[in-house]
Enquirer: 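I am attaching a structure below and will ask some questions about it afterwards.
In what follows, residues are counted from 1 in the order of the sequence shown.
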Amino acid sequence: MSSAELSECPSRLAVRQAGRILLLEGEDLLREMLALALKEQGYEVVVTSDGRNALPSVQASSSYHGEFAFNLLIMDSINGLDLCRMLRHQGNPVPILIIGARGSANNCAFYLEAGSDDYLTKPFGMREFIARCRALMRRQRLGRLPESRTLQYKSITLYPEECRVLVRGLEVKFSPKQFRLLELFMSYPRRVWSRDQLLEKIWGQDFIGDSKTVDVHIRWLREKLEIDPAQPEYIITVRGFGYRFG
């Protein structure tokens with residue numbers, strides 16, 4: 001893979017798949033075989049034979065939750081050793097599998113001490129190779145702590161996973177539709193939503209009923225959120241268009 005192609009990798013972070021692997025291998029035939037085996041398992045694979053070209057894309061992380069560009073790095077022992085050391089020195093936690101030539105157990109310890117998570121000696125079977133890749137990515141997923149997303153706007157705090165809302169420090173109860181409506185508003189502050197858009201998002205495309213249903217739920221929300229529902233601070237009516245939050 002060319003350096004120009006690798007440089008495009010960070011721009012694809014927003015749509016990357018759950019299993020995205022960088023394969024750095026100097027032997028052309030082995031690189032093609034490994035890439036094919038991984039792709040047949042459903043992984044997205046980026047291949048290269050040059051560690052220097054791979055470095056910028058490996059170091060790239062998205063602005064959203066700091067997720068890294070790859071879920072697994074597979075490197076041959078010749079081209080990948082320096083890259084492995086550099087990434088670990090920088091604190092990059094992505095699992096690394098080193099593929100090396102046949103050697104003693106001391107070689108395995110050497111690469112593990114350099115920062116790799118696993119070491120596989122050539123020659124090896126594809127079944128073992130895939131199993132090791134799966135195990136490394138499984139450990140990575142298990143090692144992640146669940147993120148607690150919170151939506152905050154002025155004196156309103158909404159906890160999506162807990163279905164809980166605090167208004168001026170006090171917990172307020174909402175029906176499921178009210179909660180989902182408020183969550184949608186707080187996820188897109190200042191955006192104007194028409195009644196039809198709100199019906200589709202909250203009630204679904206198959207909803208059969210009057211669009212005034214939205215107005216009723218807006219009134220209920222204002223009664224629970226606003227100090228003075230007649231002079232709303234949070235849910236604002238935009239004449240001729242719909243409603244916006246904030």
Enquirer: Heavy atoms, side chains only, cut-off 4.5 Å: are Q197 and R191 in contact?
Expert: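 Q197 vs R191: side chains touch.
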
Enquirer: So do Y159 and L166 actually touch side chain to side chain, heavy atoms under 4.5 Å?
Expert: yes

Enquirer: Between the main-chain N or O of Q231 and the side-chain N or O of E226, is there a donor-acceptor pair closer than 3.5 Å?
Expert: no

Enquirer: Assess whether a salt bridge exists between R31 and E27, defined as any Lys/Arg side-chain N lying under 4.0 Å from an Asp/Glu carboxylate O.
Expert: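 The answer is no: the pair does not qualify as a salt bridge.
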
Enquirer: In the structure I gave you, are the side-chain heavy atoms of L181 and L221 within less than 4.5 Å of one another anywhere?
Expert: yes

Enquirer: When you group the ILVMFWY residues by side-chain heavy-atom contacts below 4.5 Å and let the links chain together, are W193 and V238 in the same group?
Expert: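 No.
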
Enquirer: Measure across C84 and A114 and return the closest heavy-atom pair with its distance rounded to 0.1 Å.
Expert: SG-O, 3.8 Å

Enquirer: So, the side chain of D117 versus the backbone of I96: is there a donor-acceptor pair under 3.5 Å, distance only?
Expert: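 Confirmed, D117 side chain pairs with I96 backbone.
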
Enquirer: For the CG atom of L24 and the OG1 atom of T48, what is their distance to the nearest 0.5 Å?
Expert: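 One finds 6.0 Å between CG of L24 and OG1 of T48.
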
Enquirer: Any idea which heavy atoms bring V214 and L198 closest together, and the distance?
Expert: CG1-CD1, 3.7 Å

Enquirer: Consider only side-chain heavy atoms of I, L, V, M, F, W and Y, link residues closer than 4.5 Å, and tell whether I99 and L29 are in one cluster.
Expert: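 Yes, because I99 and L29 connect within a single hydrophobic cluster, where side-chain heavy atoms sit under 4.5 Å apart.
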
Enquirer: Quick one: does N71's side chain have a donor or acceptor within less than 3.5 Å of a partner on M137's backbone?
Expert: no

Enquirer: Looking at M126, I'd like to know if its CE atom is crowded, meaning that more than 12 non-hydrogen atoms belonging to other residues, nucleotides or ligands lie closer than 6.0 Å.
Expert: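 Count over threshold, so yes.
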
Enquirer: For the atom pair CG (L199) and NZ (K212), what is the distance rounded to the nearest 0.5 Å?
Expert: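 Answer rounded to 0.5 Å: 11.5 Å.
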
Enquirer: Would you call K154 and E233 a salt bridge, using N to O less than 4.0 angstrom?
Expert: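 E233 and K154: salt-bridged.
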
Enquirer: Specify the closest pair of heavy atoms between F70 and L22, including all atoms of both residues, with the distance to one decimal.
Expert: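 The answer is CD2-N, 3.5 Å.
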
Enquirer: Would you find a donor on one side and an acceptor on the other, under 3.5 Å apart, between the side chain of E40 and the backbone of A37?
Expert: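 Absent.
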
Enquirer: Got I74 and F129 here, is their nearest side-chain heavy-atom distance under 4.5 Å?
Expert: yes

Enquirer: Any cation-pi pair here, R222 with W220, using under 6.0 Å and within 45°?
Expert: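 Output no; distance or angle outside limits.
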
Enquirer: With a cut-off of 6.0 Å (strictly less than), are more than 12 heavy atoms of other residues, nucleotides or ligands near OH of Y188?
Expert: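 No, not enclosed.
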
Enquirer: Check whether any side-chain heavy atom of L73 lies under 4.5 Å from a side-chain heavy atom of P95, and answer yes or no.
Expert: no

Enquirer: Determine the minimum heavy-atom distance between M186 and L158, stating which atoms define it.
Expert: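 Looking at all heavy atoms of both residues, the closest pair is SD-CB, 3.8 Å.
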
Enquirer: Go through it in stages, so that I can follow the logic: the residues are Y243 and I218, the test is side-chain contact (heavy atoms from CB on, under 4.5 Å), and I'd like the CA-CA distance, side-chain angles, deciding distance and then a yes or no.
Expert: CA-CA 9 Å; Y243 298 97; I218 293 294; 3.8 Å; yes

Enquirer: If I compare all heavy atoms of A35 with all of V47, which pair ends up nearest, and what's the gap?
Expert: CB-CG1, 3.7 Å

Enquirer: Within this structure, what is the CD-NZ distance for the pair Q178 and K224, rounded to the nearest 0.5 Å?
Expert: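 Separation between the atoms: 4.0 Å.
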
Enquirer: Is the shortest side-chain heavy-atom distance between V165 and E171 below 4.5 Å?
Expert: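 No, too far: nothing below the 4.5 Å cut-off.
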
Enquirer: Got more than 12 heavy atoms from elsewhere within 6.0 Å of CD1, I78?
Expert: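 No, not enclosed.
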
Enquirer: How about L225 and F174: do any of their side-chain heavy atoms sit closer than 4.5 Å?
Expert: yes

Enquirer: Just how far is it from atom CG of L81 to atom CE of M86, taken to the nearest 0.5 Å?
Expert: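 One gets 11.0 Å once the value is rounded to the nearest 0.5 Å.
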
Enquirer: Using modelled atom types only, decide if a donor and an acceptor are shared between the side chain of D118 and the backbone of L97 within a distance under 3.5 Å.
Expert: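 Not at all, since once roles are kept as given, no pair shorter than 3.5 Å links the two residues.
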
Enquirer: Kindly give the heavy-atom pair with the smallest separation between D76 and G26, and that separation in Å.
Expert: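 Nearest pair, atom of D76 first, then G26: OD2-N, 2.6 Å.
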
Enquirer: Identify whether V172 and L182 are in the same connected component of the hydrophobic contact network (ILVMFWY, side-chain heavy atoms under 4.5 Å).
Expert: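 V172 and L182: one cluster.
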
Enquirer: Give the C-alpha distance, both sets of side-chain angles, the deciding distance and a yes or no for side-chain contact (heavy atoms from CB on, under 4.5 Å) between I98 and L120.
Expert: CA-CA 6 Å; I98 293 287; L120 192 57; over 6 Å; no

Enquirer: What pairs with K177 under side-chain contact (heavy atoms from CB on, under 4.5 Å), at least two apart in sequence or on another chain?
Expert: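 Once residues adjacent in sequence are excluded, the partners of K177 under the side-chain contact (heavy atoms from CB on, under 4.5 Å) criterion are S175, I202, W203, H217.
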
Enquirer: Is a side-chain N or O of Q41 found less than 3.5 angstrom from the main chain of Y43, in a donor-acceptor match?
Expert: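 No, Q41 side chain to Y43 backbone: no donor-acceptor pair under 3.5 Å.
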
Enquirer: Quick test of your reading of the model: are E183 and K201 salt-bridged, counting only N-O distances below 4.0 Å?
Expert: no

Enquirer: Is there a path from M33 to I21 through hydrophobic residues (I, L, V, M, F, W, Y) whose side chains come within less than 4.5 Å of each other?
Expert: yes

Enquirer: Strictly under 6.0 Å, is that where the ring centroids of Y153 and F245 end up?
Expert: yes

Enquirer: With a cutoff of under 4.5 Å between side-chain heavy atoms, which Ile, Leu, Val, Met, Phe, Trp and Tyr residues group with I236?
Expert: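 Other cluster members: none.
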
Enquirer: Between R195 and D215, is the closest basic N to carboxylate O distance under 4.0 Å?
Expert: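 Counted as a salt bridge, because a side-chain N and a carboxylate O are separated by less than 4.0 Å.
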
Enquirer: Do L87 and M75 make a side-chain contact, defined as non-hydrogen atoms from C-beta onward lying under 4.5 Å apart?
Expert: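 In contact.
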
